[in-house]
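Below: one structure, written as structure tokens.
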Amino acid sequence: MLKPIGKRVIIKKVEAEEKTASGIVLPSQAVEKPQIAEVVSVGAEVTEVKEGDKVVFKKYVGTEIKVDGEELTICEVADILAIMA
Amino acid sequence: MLKPIGKRVIIKKVEAEEKTASGIVLPSQAVEKPQIAEVVSVGAEVTEVKEGDKVVFKKYVGTEIKVDGEELTICEVADILAIMA
Amino acid sequence: MLKPIGKRVIIKKVEAEEKTASGIVLPSQAVEKPQIAEVVSVGAEVTEVKEGDKVVFKKYVGTEIKVDGEELTICEVADILAIMA
Amino acid sequence: MLKPIGKRVIIKKVEAEEKTASGIVLPSQAVEKPQIAEVVSVGAEVTEVKEGDKVVFKKYVGTEIKVDGEELTICEVADILAIMA
Amino acid sequence: MLKPIGKRVIIKKVEAEEKTASGIVLPSQAVEKPQIAEVVSVGAEVTEVKEGDKVVFKKYVGTEIKVDGEELTICEVADILAIMA
Amino acid sequence: MLKPIGKRVIIKKVEAEEKTASGIVLPSQAVEKPQIAEVVSVGAEVTEVKEGDKVVFKKYVGTEIKVDGEELTICEVADILAIMA
Amino acid sequence: MLKPIGKRVIIKKVEAEEKTASGIVLPSQAVEKPQIAEVVSVGAEVTEVKEGDKVVFKKYVGTEIKVDGEELTICEVADILAIMA
């Protein structure tokens, strides 16, 4: 298992055009494309999101890493824009 | 529903030339064009504006996202310039 | 009515060469031209100037917006250089 | 009268080669030329200099403004280097 | 022995494609490639990781040094992204 | 007399190759050449050096000014590297 | 004697390939080459290292100065990476 440090979170990206219960679809022409992800793990200083949260985050941030064939992203919690509640 | 994190707000842009009760019309030649929007949702740390406020914000800021076919913008509350009261 | 947020102020520019009671005339060759304005509205955190003050501010700052045909500028109070007392 | 805001001061430049009581003459070949000025007015937060002080300040700083035909400069007190005591 | 100062840590890189108990494999096409390392020594102000921790860190950070033929890296603890727990 | 403001000091440069009691000679090929000076006057917030101190400071810092034919430099105390004790 | 100011230290570089008791040898191909030095003198605010410490520091930092024919470097304590204990 990977435990992010401090204010970092580990997220797993969700397909860009996915239709979720809250009906979010990402615009494909947006200049700064956001992306949807599920929070996998959070650092000890992270209070804004928790494991399992579906979130919108800034694309092209963080560091990608593959664990057991699964592609994950380690980013700052400040890169998370909103929670799908 | 989307809940912005921290000091972020979600706004819905209003047509640029709209005539509102307070009579605001945006100048089309301004170098840094502002834009009018309605606040849809605010983060837990936002005290300056609330849901439903009509606001003037800096154009070209934030991240655009489409929810149920509706185009929204997630931005920092610091990008909001003024409230139409 | 427009209410600026935080440390912002809304000002209305005064003609550059105007002769006021305090006799201020702006130099037309200055590298960084200042400009005179009247304060229209101030944010909740602004204590340095108040509505009605005649002020000298840095040109080329802020965001221009037209309200009922009147051109206004929303800027930071830190862009105000001096008050004409 | 012009009252500078916060930590700003209004100064009136003195001729570069002037010989004062303290005998200061500015070097004409210095890379960053300083300049002598008299303090005309100070902001409410300025404690380092007072009206009437002869000071050395960094050239090319501040905003120039003409009042009743007199050329003045509004600058930050941090741009004042020394007082001629 | 080398003792890093303040918030620095000394780490020893682990081969990029290594399969550990937690099954981490690094993606070889990632733009900002992370890398796995073992913490060798930590500065007095470091509380986030300890000697012996397997960590993911940002590649291309820190200063490389060879001690007794062993290649080590001295970096800031802020360059450590996650701990393999 | 010139009194520097705040954390500034006025220094008088000493010849670069001078042999002092402490035997300091400046290397002529150093990339960032330091220079020796004597402290002439210090601002009210300066506690690190005092009038009369021989100091090593970063070359190419500060503002040069000529007083009674004597070339002086007004710089920040942070530009003083060491005292020759 | 030279006394560094504040958080500065004076160090004397040790030959790059030297074999010390702790067996440190510097890699000659490292992009950002570190270098070994002995601490000669420390400023009043320096607590991390003391006179006589053998340290690893970032190459190309600080200001070089020659004292009695001995080449020394005045740098910030933050440029010291680790102590050879």
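Owing to the predicted nature of the structure, the values given are computational and were not obtained by experimental measurement. Just so we're on the same page: letters track the sequence lines, and every chain starts at 1.
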Quiz prompt | D:Glu38 CD: over 12 foreign heavy atoms closer than 6.0 Å | solution = yes
Quiz item: What is the minimum heavy-atom distance between D:Ala82 and F:Pro4, and which atoms define it?
Solution: CB-CA, 3.8 Å
Exercise. Mind checking the CD1-CD1 spacing from F:Ile5 to D:Ile80? Nearest 0.5 Å is all I need.
Key: 6.0 Å
Practice problem: Measure D:Val49 against the heavy atoms of chain F and call it side chain, backbone, both or neither at under 4.5 Å. | Solution: side chain
